[in-house]
Amino acid sequence: QVQLVESGGGLVQAGGSLRLSCAASGRTFSRYGMGWFRQVPGKEREFVARISSNGGRITYADSVKGRFTVSRDNAKSTMYLQMNSLKPEDTAVYYCAADRDLYGSILQRDYDYWGQGTQVTVSS
């Protein structure tokens with residue numbers, strides 16, 4: 001069992017930056033592939049980024065490539081999402097998720113545990 005807690009969301013102007021954190025409980029964080037997803041009301045949850053258990057494999061959605069950076073610190077059982085050059089269309093609730101597969105996935109159905117989400121609002 002893994003519990004995930006996101007933090008770091010908030011209100012920022014377009015062009016600004018935020019860093020999200022996802023803190024995991026338990027001692028097995030390093031065995032999980034991890035992912036970030038986001039959701040806007042009335043729309044499907046969409047993939048943002050994933051990172052493998054050792055950080056060696058990373059994938060981004062095209063919409064955030066070059067602006068967002070995912071990383072993890074297994075010693076702290078925490079994953080991060082550095083978001084730069086934010087746009088109003090990045091406004092969403094951001095969720096982190098853990099996958100028992102070491103590589104993670106771009107598909108939300110592959111994830112086993114989810115956090116409660118953190119709101120990111122980008123004003124124009």
Side-chain angles (χ1 to χ4, degrees):
Q1 186 79 10
V2 175
Q3 292 185 326
L4 304 172
V5 179
E6 302 96 336
S7 61
L11 173 64
V12 64
Q13 288 189 330
S17 298
L18 282 174
R19 187 174 84 152
L20 305 183
S21 297
C22 172
S25 65
R27 301 179 180 178
T28 59
F29 177 76
S30 63
R31 299 179 187 174
Y32 288 84
M34 299 293 295
W36 286 101
F37 291 77
R38 65 188 182 186
Q39 189 171 23
V40 175
K43 292 189 176 182
E44 292 286 321
R45 191 172 299 184
E46 66 172 3
F47 167 75
V48 174
R50 66 99 180 236
I51 184 168
S52 62
S53 59
N54 66 357
R57 180 175 293 185
I58 291 173
T59 305
Y60 296 100
D62 288 343
S63 59
V64 307
K65 203 172 293 183
R67 300 187 298 120
F68 290 11
T69 302
V70 62
S71 62
R72 64 190 295 165
D73 185 338
N74 286 343
K76 295 182 178 179
S77 297
T78 303
M79 176 178 65
Y80 305 96
L81 185 67
Q82 177 67 43
M83 305 186 295
N84 298 328
S85 302
L86 282 161
K87 305 175 181 180
E89 51 264 42
D90 294 318
T91 296
V93 176
Y94 283 71
Y95 298 90
C96 67
D99 182 0
R100 292 193 187 97
D101 186 281
L102 293 176
Y103 296 108
S105 172
I106 66 171
L107 302 175
Q108 59 174 313
R109 67 170 181 259
D110 290 337
Y111 286 84
D112 302 289
Y113 304 101
W114 292 84
Q116 83 290 348
T118 186
Q119 176 71 47
V120 171
T121 303
V122 184
S123 63
S124 57

*Asks:* Is it true that a side-chain atom of S124 and a backbone atom of P88 form a donor plus acceptor pair closer than 3.5 Å?
*Replies:* no
*Asks:* Look at the side chain of E6 and the backbone N and O of C22, then say whether any donor-acceptor pair between them is shorter than 3.5 Å.
*Replies:* no
*Asks:* Using only atom types and a distance under 3.5 Å, with no angle test, would you say the side chain of R72 pairs donor to acceptor with the backbone of S52?
*Replies:* yes
*Asks:* Taking all non-hydrogen atoms of both residues, which atom of L81 and which atom of A49 are closest, and how far apart?
*Replies:* CD1-CB, 4.5 Å
*Asks:* If I compare all heavy atoms of W36 with all of V70, which pair ends up nearest, and what's the gap?
*Replies:* CD1-CG2, 3.8 Å
*Asks:* Would a 4.5 Å heavy-atom cut-off, applied to side chains only, mark V120 and L20 as touching?
*Replies:* yes
*Asks:* So if I apply the side chain to side chain contact (heavy atoms under 4.5 Å, CB included) rule between S17 and each of M83, R67, Q82, which one comes out positive?
*Replies:* Q82
*Asks:* Going by side chain to side chain contact (heavy atoms under 4.5 Å, CB included), name the residues that satisfy it together with V40, two or more places apart in sequence or in a different chain.
*Replies:* K43, A92
*Asks:* Whether the side chain of R57 engages the backbone of Y103 through a donor-acceptor N/O pair (distance < 3.5 Å, no angle test) should be reported.
*Replies:* no
*Asks:* Taking the side chain as everything from C-beta on, heavy atoms only, tell me whether S53 gets closer than 4.5 Å to R31.
*Replies:* no
*Asks:* Restricting to pairs with a member in residues 91-100, which pass side chain to side chain donor-acceptor pair (under 3.5 Å), not counting sequence neighbours?
*Replies:* R38-Y94, R100-D112, R100-Y113
*Asks:* Is it the case that over 12 heavy atoms from other parts of the model lie below 6.0 angstrom from the CD atom of Q3?
*Replies:* no
*Asks:* If you round to the nearest 0.5 Å, how far is CG of L107 from CZ of R50?
*Replies:* 9.5 Å
*Asks:* CG of L86 to CZ of F68: how many Å apart, nearest 0.5 Å?
*Replies:* 5.0 Å
*Asks:* Decide whether V2 and M79 are clustered together by the hydrophobic rule: side chain heavy atoms of Ile, Leu, Val, Met, Phe, Trp, Tyr closer than 4.5 Å, transitively.
*Replies:* yes
*Asks:* Taking the side chain as every heavy atom from C-beta outward, state whether Y32 and I51 have any atom pair closer than 4.5 Å.
*Replies:* no
*Asks:* Does F37 belong to the same Ile/Leu/Val/Met/Phe/Trp/Tyr cluster as L4, with side-chain heavy atoms less than 4.5 Å apart forming each link?
*Replies:* no
*Asks:* May I ask whether L18 and Y60 are part of the same hydrophobic cluster, defined by side-chain heavy atoms of I, L, V, M, F, W, Y residues being less than 4.5 angstrom apart, directly or through others?
*Replies:* yes
*Asks:* Should the pair K87-D90 be classified as a salt bridge under the 4.0 Å nitrogen-to-oxygen rule?
*Replies:* no
*Asks:* Are V48 and V122 in one and the same hydrophobic cluster, where Ile, Leu, Val, Met, Phe, Trp and Tyr link if side-chain heavy atoms are under 4.5 Å apart?
*Replies:* yes
*Asks:* Can you tell if the side chain of R45 reaches within under 4.5 Å of the side chain of W114, non-hydrogen atoms only?
*Replies:* yes
*Asks:* What's the shortest heavy-atom distance between T78 and A23, and which atoms?
*Replies:* OG1-CA, 4.1 Å
*Asks:* Indicate if M34 and I58 have the same hydrophobic cluster label, given that clusters are the connected sets of ILVMFWY residues with side-chain heavy-atom separations under 4.5 angstrom.
*Replies:* yes
*Asks:* On a heavy-atom basis, which atom in F29 and which in A24 lie closest, and how many Å separate them?
*Replies:* CD1-CB, 3.4 Å
